[in-house]
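Convention: sequence-line order gives letters A, B, ...; per-chain numbering from 1. Everything numeric here is computed off the predicted structure, so don't read it as measured data.
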There are 2 protein chains.
Amino acid sequence: MAIDLIFEALASRPRREILAYLSKQELTAGEIAGRFAMSAPAVSRHLSILETASLVKSERRGQYVYYSLNSDNLVNTLTSFAFEICPRGRPLKRESRQLRAAKHKS
Amino acid sequence: MAIDLIFEALASRPRREILAYLSKQELTAGEIAGRFAMSAPAVSRHLSILETASLVKSERRGQYVYYSLNSDNLVNTLTSFAFEICPRGRPLKRESRQLRAAKHKS
DNA sequence: CAAATAATTAACTAATATGTTAATTGCTTA
DNA sequence: TAAGCAATTAACATATTAGTTAATTATTTG
């Protein structure tokens, strides 16, 4: 199931760090591996887990494989999960309340 | 680190199901265990992981231990993570944009 | 206080995750 | 086409996770 893959993928600090790097710019597998102490094959495995969860996508260009973020999928999953678990959650709900208030004001 | 504990705790379907149950009402350890096929000790372990991540809290009342949700912590963590990773994320960003628009209108 | 119920902790097993190095595949270019 | 670099896959070792049953702790009540 999609949500299982996503939470499994997020349950790893190096994988979350990879997402953070990719949030700034696309990077090749090698550039990503260069930012970690672990071996390239280990990073490649992390990338494949992130890709299977469809949190990132990859594209080969010549010799290199470029990775980039699938940000919509991540945000959608996390927010819908948060809403489901805590229908009266704070920060999201606060935005909604302000939004309603602002609308009524006008 | 807090975020590690939280994502680790969320990387388990039974634990996410426990959170969903607790989003409706507080429950005793036994009532929660009764909703799963696994043994009570296994559920107790899951509960302790959720509590260590401060996603739930527990309170003993006589013979029973009642569990309930710490929803603020969950929502705050997930949304701040989502913002950090995808600054231009869709659903959250849309709310913000609508909010800004509504404000400017008045 | 003894018995019964709720819950957790202990001890153990099986499965899974994560890293390593070696081998393989894909692409470029001399 | 052979050599070289990028990346992934294979094979393996180790650590962690998640479940089991048995034992223990806490609380109520006859």
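- With ring centers used as reference points, A/F81 lies under 6.0 Å from A/F7.
- The hydrophobic cluster containing A/I85 also contains A/I3, counting ILVMFWY residues as joined when their side-chain heavy atoms lie under 4.5 angstrom apart, directly or transitively.
- Nearest heavy-atom pair across B/A40 and B/A33 is CA-CB, 4.2 Å.
- Nucleic acid contact class of B/R15 (heavy atoms, under 4.0 Å, all strands): sugar-phosphate only.
- Residue B/A29 has its side chain nearest to C/dA7 when only D/dG19, C/dA7, C/dG19 are considered.
- Note: OH (B/Y64) to P (C/dA7) measures 7 Å, nearest angstrom.
- Heavy-atom nearest nucleotides on DNA chain D were determined for B/I49 and for B/R61, and the one closer to the 5' end corresponds to B/I49.
- For the pair A/I18 CD1 and C/dT18 P, the interatomic distance rounds to 11 Å; values are reported in whole Å.
- Set against C/dT21, C/dT18, D/dT17, the side chain of A/R45 has C/dT18 as its closest nucleotide.
- Distance CD (B/E59) to P (C/dT8): 14 Å, rounded to an integer number of Å.
- Between B/S39 and D/dT20 there is a side-chain polar atom (N or O) within less than 4.0 angstrom of OP1 or OP2.
- To the nearest angstrom, P of D/dA7 lies 14 Å from CD of A/E51.
- We find that A/R61 and A/E26 are joined by a salt bridge, their nearest charged nitrogen and carboxylate oxygen being less than 4.0 Å apart.
- Residue B/H46 places its side chain closer to D/dA18 than to any other of C/dT5, D/dA18, D/dA22.
- Rounded to whole angstrom, the span from the CD atom of A/E17 across to the P atom of C/dT18 amounts to 14 Å.
- Across the protein-nucleic acid pair, B/L47 atom CG and C/dT9 atom P stand 11 Å apart, rounded to whole Å.
- Nucleic acid contact for A/T28: sugar-phosphate only, since backbone atoms but no base atoms lie under 4.0 Å from a heavy atom of the residue.
- Among C/dG19, C/dA17, D/dT9, the nucleotide with an atom closest to any side-chain atom of A/P41 is D/dT9.
- Scanning atom types as modelled, no donor and acceptor separated by under 3.5 angstrom connect the side chain of B/Q63 and the base of D/dT28.
- A cation-pi contact, defined as under 6.0 Å to the ring centre and within 45° of the axis, links A/R35 to A/Y21.
- Nucleic acid contact class of B/Y67 (heavy atoms, under 4.0 Å, all strands): sugar-phosphate only.
- In this structure, A/D4 places its CG atom 12 Å from P of C/dA17, rounding to the nearest Å.
- As rounded to whole Å, 12 Å separates atom P of D/dA18 from atom CG of B/L10.
- Contacts of B/R60 with the nucleic acid, taken as non-hydrogen atoms under 4.0 Å apart, involve only primed sugar atoms and P, OP1 or OP2.
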